[in-house]
J.: 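The following block contains the structure, expressed as structure tokens.
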Amino acid sequence: MTASDDERARTIQAMFGRLVPQYDRMNRVMSAGLDGRWRRLAVQAAQPQSADVLDLGAGTGDLSREFRRAGAAGVAGADFAAQMLRRARRKHGPETADWLQADALQLPFAEASFDVVASAFVLRNLVDLPGGFAEMLRVLRPGGRLVALDITHPPDDLRGRILRLGFERVVTPAAGLLSGDRNAYRYLPNSLSGYPTAEELAEMLRAAGAAEVSYRRLAGGAVALHAARKPSE
Ligand SMILES: C[S@@+](CC[C@H](N)C(=O)[O-])C[C@H]1O[C@@H](n2cnc3c(N)ncnc32)[C@H](O)[C@@H]1O
């Protein structure tokens, strides 16, 4: 990681720390109330019954809670923003997950620690995406499942162009106004610039060594849910 990557990561970390009080409300507004449904689809894709799960970039903990409800044996909710974790612990309690501060690019877990590694709305924030995928695969057990949900570039058709315009011109400014933090919500469309398309992301996962890589689009194509496996030995 270069010095400028490191600086960008620290900026992102501080921004998420600041956003905690408005974060859940803004999620609901910006996803038109659909973010909970998308997380549940991610959990279904991960088949977490009796699994040890890592929720990477856990934020305020909603994905961790869904994993617990779906019958995961144990959940580790990891995030590099301490303020997010404090909120997650208060919101969902210490019994929902082991909440711990950790950087996705340098995870404090031994190889092959989890059956499932999942993330929701985190990939766009990683300053080294191939490095992030390598870490996720390292801590997965052979045959384990990787599931990643995030905003993506809509397809380049009429519906996609309308979605893009609505996102940039309506949703983002409205969220900036409502949250009182315009810079943070300007970051949202900016975080897509230079971010791979859904297909490119699938290719990156394959290049990192993942098997059975697939993805589906949600929200008319504005959100992608990627799934993959660590090859069995
Ligand atoms: C958009 S929020 C998503 C939170 C949660 N997963 C959800 O579904 O609402 C992104 C989260 O990822 C965390 N994050 C970003 N980069 C990270 C990194 N390198 N390591 C750990 N956490 C990171 C941020 O602190 C933030 O809490």
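Atoms considered below: every heavy atom in the structure, side chains included; atoms not considered: hydrogens, waters and symmetry mates. Atoms within each ligand, like the ligands themselves, are counted from 1 in listed order. Bear in mind the structure is a predicted one, so any value in this text is a computation, not a measurement.
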J.: State, with a plain yes or no, whether a side-chain heavy atom of Arg86 is found less than 4.5 Å away from one of Val20.
T.: no
J.: In terms of residue, atom name and distance, what is the protein heavy atom nearest to atom 8 (O) of ligand 1?
T.: Arg39 NE, 2.8 Å
J.: Contact between Ala9 and ligand 1, counting heavy atoms under 4.0 Å?
T.: no
J.: Taking distance alone, with no angle check, do Ile12 and ligand 1 share an N/O pair under 3.5 Å?
T.: no
J.: Answer yes or no: is there a donor N or O on one side and an acceptor on the other, between the side chain of Arg68 and the main chain of Glu95, under 3.5 Å?
T.: yes
J.: Do the non-hydrogen side-chain atoms of Val139 and Glu111 ever get within less than 4.5 Å of each other?
T.: no
J.: Looking only at protein heavy atoms, which one is nearest to atom 19 (N) of ligand 1, and what is the separation?
T.: Asp103 OD1, 3.0 Å
J.: Which ligand 1 atoms does Ala81 reach within 4.0 Å, using its non-hydrogen atoms?
T.: 25 (O)
J.: Tell me: protein heavy atom nearest atom 2 (S) of ligand 1, and distance?
T.: Tyr23 OH, 3.2 Å
J.: Are a donor atom and an acceptor atom from the side chains of Tyr215 and Glu199 found within less than 3.5 Å of each other?
T.: yes
J.: I need the nearest protein heavy-atom contact for atom 20 (N) of ligand 1: residue, atom name and distance, please.
T.: Ala104 N, 2.8 Å
J.: For ligand 1, is there an N or O atom under 3.5 Å from any N or O atom of Asn125?
T.: no
J.: Please could you name the atoms of ligand 1 that Gly59 approaches to less than 4.0 Å, counting only its heavy atoms?
T.: 4 (C), 27 (O)
J.: Would you indicate whether the side-chain heavy atoms of Phe109 and Leu100 approach each other to under 4.5 Å?
T.: yes
J.: Given salt bridge (Lys or Arg N to Asp or Glu O under 4.0 Å), test Arg28 with Asp35 step by step and report yes or no.
T.: CA-CA 7 Å; Arg28 301 302 100 80; Asp35 59 306; 2.7 Å; yes
J.: Identify, for atom 6 (N) of ligand 1, the protein heavy atom at the shortest distance, and state residue, atom and that distance.
T.: Gly57 O, 2.7 Å
J.: Rounded to the nearest 0.5 Å, how far does CE of Met204 lie from CG of Leu123?
T.: 9.5 Å
J.: Let me confirm one number: the CE-OG distance from Met26 to Ser31, rounded to the nearest 0.5 Å.
T.: 10.5 Å
J.: Heavy-atom contact under 4.0 Å between Val122 and ligand 1?
T.: yes
J.: If the cut-off is 4.0 Å to any non-hydrogen atom of Ala58, which atoms of ligand 1 fall inside it?
T.: 5 (C), 6 (N)
J.: Quick check: does Leu126 get an N/O under 3.5 Å from an N/O on ligand 1?
T.: no
J.: Could you check Arg10 against Gln13 for side-chain hydrogen bond (donor to acceptor under 3.5 Å, both in side chains), going step by step and ending with a plain yes or no?
T.: CA-CA 5 Å; Arg10 297 289 77 84; Gln13 185 183 28; 2.9 Å; yes
J.: How does Asn27 reach ligand 1, if at all, at less than 4.0 Å between non-hydrogen atoms: by side chain, backbone, both, or neither?
T.: side chain
J.: Would you say Gln13 touches ligand 1, if touching means a heavy atom closer than 4.0 Å?
T.: no
J.: With heavy atoms of Met84 as the reference, note each atom of ligand 1 found under 4.0 Å away.
T.: 27 (O)
J.: Please list, in number order, the atoms of ligand 1 under 4.0 Å from a heavy atom of Ala102.
T.: 20 (N), 21 (C)
J.: So which protein heavy atom does atom 10 (C) of ligand 1 come closest to, and at what separation?
T.: Phe121 O, 3.4 Å
J.: Quick check: Asp55 and ligand 1, any N/O pair under 3.5 Å apart?
T.: no
J.: Less than 4.5 Å apart, side chain to side chain, heavy atoms only: is that true for Phe133 and Leu201?
T.: yes
J.: What about Phe80: any of its N or O atoms under 3.5 Å from an N or O on ligand 1?
T.: yes
J.: Give, for atom CG of Asp52 and atom CG of Leu140, the distance between the pair rounded to the nearest 0.5 Å.
T.: 11.0 Å
J.: If you measure every N or O of Asp79 against every N or O of ligand 1, does any of those distances drop under 3.5 Å?
T.: yes
J.: Looking at Phe121 and Asp150, what are the two nearest heavy atoms and their distance?
T.: CA-OD1, 3.4 Å
J.: Please give me the minimum heavy-atom distance between Ala81 and Phe16, naming the atom from each residue.
T.: CB-CB, 4.4 Å
